[in-house]
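The figures that follow rest on heavy atoms only: side chains count, while hydrogens, waters and symmetry mates do not. In what follows, every chain begins at residue 1, and chains take the letters A, B, ... in the order their sequences are listed.
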There are 2 protein chains.
Amino acid sequence: MDRPGRLTGDHSTRSAWVADDLRRQLEDGVWPPGTRLPGEVRLAETYGVSRATIRTALRSLESRGLTATRHGSGTYATGAGSGIHADLRHLDSMTATIRRVGAVPSMSYRRRELVPADAEQARHLGLAEGDRVLVTERELRADDTTVAFSYDVLSGTVLPDDLAPATIEGSLYELLMTVGVDVAWATAEVHAAAGERIGWGDRPADAVYVLLDQVHRTIDGHAVAWSRTYYLEGRFRFSLVRTR
Amino acid sequence: MDRPGRLTGDHSTRSAWVADDLRRQLEDGVWPPGTRLPGEVRLAETYGVSRATIRTALRSLESRGLTATRHGSGTYATGAGSGIHADLRHLDSMTATIRRVGAVPSMSYRRRELVPADAEQARHLGLAEGDRVLVTERELRADDTTVAFSYDVLSGTVLPDDLAPATIEGSLYELLMTVGVDVAWATAEVHAAAGERIGWGDRPADAVYVLLDQVHRTIDGHAVAWSRTYYLEGRFRFSLVRTR
DNA sequence: GAGTGGTCTAGACCACGCG
DNA sequence: GCGTGGTCTAGACCACTCC
């Protein structure tokens, strides 16, 4: 087995290298769904790493739903990997999510405005009513098909004073990145929604939406954005592997 | 710091004991949202355990959304713990989920029948068309309020031949447990749905539902159940913490 | 550069499952 | 009873953040 001296190829760590090799073998059908992988001690010998490193790699596969592990029995291939589209557990920009499912993302803004926060916006972002916020309304497309409408509110405290709202393009996270804000985590609520008030332009009259209501935060818990994204039912698949 | 010799109190492992102690302190406001916890080395000294044990405990807190960790910077309290209702990442029976949010679950069956599988049911469960399956339709209540309608299909391969469908009560997982089947993981899709065809009895005419479409599997990948559960929008909160 | 988390090792013992 | 994964240790070095 070819083992990296310090760092070989594009893998920075041994566990990432092991995980990637196992992932490739799982996808190639070396272990069909339901079959048991070699034990951890055996894998450690095979790859020439410690058992802890193997366990790190296996946890990574399990978190992506490719394997399931049971105490005293073994680690099994699930064969579920390819079916996962938008993983709800992992926080990503919408454009990155669309790109990851193999489509070309695009978007157009209907509204980009600096306004005083109303009571609800202030509550979500931990601001005082009347504080400056950036309000945007966007249509998101994957391969030129509308997949979602997003209503976003960015806290003015993280935005530069000379921001020109009309020049804003692209992803919300990209904008935040350019002003030095790193979104580390978000609390999300999943809802269903329907009605005339949602979205604009060409869309089914009886459209039903999956609503992702999220507050995005920096590592220190500071709320920087509140987003409500309405995904047109049927045009986007939210999948996840749930384990006990 | 009181440290367990082998196993003290109700905690079977040191890391569980550490995680529980930290969780209690987080809930008690010892570290308000956004503040940094002591470093891992410091925590290891405080609790008298190795750093690896501390890291196991911190990962457990992070997976529950109570903390967020960033390389080179530290581990921070999120303050998000109390808001999480039904965690989509964790697979649980619906009755257990309802119980966990502090409500009393109950349910009533509209249909419990052994029938030959149709093409769609057979496809989801990996059976042949015409194979025996148990089809159920249930209404789920929390504190006597209807929260969901569930359409479930159980594979006949795991059911005893002398099963009397009319006697079935309670949770799907409980039934599977009694016949020796342990559900280890499930692939889930999140959708939005609306329409007259969903549910029965007293319910809003214009009701919108969050649909959880799940295939439940044993550790070896064998599909044992296909469930479509329609949660009435607004009566149940699906929350999760997403991290990058 | 000091302090933080991330990775890794080598070895040990424990708890579970399964025949 | 034996093989499996689960936990734990003590120590090392690396990568990142932030002053």
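Among the heavy atoms of the strands lying under 4.0 Å from A:Thr75 are primed sugar atoms or P, OP1, OP2 only; no base atom is included.
Using a 4.5 Å heavy-atom threshold, the side chains of A:Thr187 and A:Gln214 count as separate.
Of all nucleotides listed (D:dG5, C:dC8, C:dG6), C:dC8 comes nearest to the side chain of A:Ser15. Distances were taken from every side-chain heavy atom of A:Glu40 (C-beta onward) to each of C:dC8, D:dG5, D:dT4; the shortest belongs to D:dG5. Picking from C:dG6, D:dT9, C:dT4 the nucleotide with the shortest atom distance to the side chain of B:Arg55 gives C:dG6.
If you measure from atom CD of B:Glu62 to atom P of C:dT4, you get 18 Å, rounded to the nearest angstrom. Taking atom OH of A:Tyr47 as the reference point, atom P of C:dT7 lies 18 Å away to the nearest angstrom. Atoms CD1 (A:Ile54) and C1' (D:dG6) sit 16 Å apart, rounded to a whole Å. A:Glu45 has its CD atom 14 Å from the P atom of C:dT9, to the nearest Å. Between the P atom of C:dT7 and the CG atom of A:Leu58 lies a distance of 15 Å, rounded to the nearest Å. In this structure, the CZ atom of A:Arg36 is 10 Å from the C1' atom of C:dG17, given to the nearest Å. For B:Leu37 and C:dG3, the CG to C1' distance is 16 Å, given to the nearest whole Å. When the C1' atom of D:dG6 is taken as reference, atom CG of A:Leu43 falls 16 Å away, rounded to whole Å.
Residues B:Arg228 and B:Asp152 are not paired through a salt bridge, judged by the lack of any N-O separation under 4.0 Å between the basic side chain and the carboxylate. Taking 4.0 Å as the cut-off between side-chain N and carboxylate O, A:Arg112 and A:Glu169 count as a salt-bridged pair. Ion pairing of B:Arg24 with B:Asp20 is present here, as a side-chain N (NZ or NE/NH1/NH2) and a carboxylate O approach within less than 4.0 Å.
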Name every donor-acceptor pair, under 3.5 Å, that has one atom in a side chain of residues 35-42 of chain A and the other anywhere in the protein, sequence neighbours excluded.
| from | atom 1 | to | atom 2 | distance (Å) |
| --- | --- | --- | --- | --- |
| A:Thr35 | OG1 | A:Pro32 | O | 2.6 |
| A:Glu40 | OE1 | A:Arg51 | NE | 2.9 |
| A:Glu40 | OE1 | A:Arg51 | NH2 | 3.2 |
| A:Glu40 | OE1 | A:Arg55 | NH1 | 3.4 |
| A:Glu40 | OE2 | A:Arg55 | NH1 | 3.1 |

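Annotation: the terminal axes of the helix from C:dG1-D:dC18 to C:dC18-D:dG1 meet at 30°, where each axis is the rotation carrying the C1' atoms of four end pairs onto the next four (5 pairs per end, rounded to 10°).
How far CZ of A:Arg59 is from OG1 of A:Thr75: 11.5 Å, rounded to the nearest 0.5 Å. Going from atom OG1 of B:Thr136 over to atom CG of B:Leu134 covers 6.0 Å, rounded to the nearest 0.5 Å. Note that CD of B:Gln121 and OG of B:Ser155 are 11.0 Å apart. Values are rounded to the nearest 0.5 Å. Residue A:Met177 holds its CE atom at 11.0 Å from CG of A:Leu172, rounded to the nearest 0.5 Å.
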N/O to N/O distances under 3.5 Å, protein versus nucleotides 16-19 of chain D:
| from | atom 1 | to | atom 2 | distance (Å) |
| --- | --- | --- | --- | --- |
| D:dT17 | O4' | B:Gly72 | O | 3.1 |

Taking only N/O atoms, report every protein-nucleotides 10-12 of chain D pair under 3.5 Å with atom names and distance.
| from | atom 1 | to | atom 2 | distance (Å) |
| --- | --- | --- | --- | --- |
| D:dA12 | N6 | B:Arg51 | NH1 | 3.4 |

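Ring centroid separation for the pair B:Trp17 and B:Tyr47 comes in under the 6.0 Å cut-off.
Regarding contacts with the backbone of C:dT4, every side-chain N or O of B:Arg42 stays at 4.0 angstrom or more from both OP1 and OP2. Contact annotation: A:Thr56 does not reach the phosphate of C:dT7 (side-chain N/O to OP1 or OP2, under 4.0 Å).
Every residue meeting the ring-ring contact (aromatic ring centres under 6.0 Å, His included) condition with B:His124, not counting sequence neighbours, appears here in chain and number order: B:Trp226. The side-chain contact (heavy atoms from CB on, under 4.5 Å) check on A:Ala96 picks up A:Asp92, A:Ser93, with sequence neighbours excluded.
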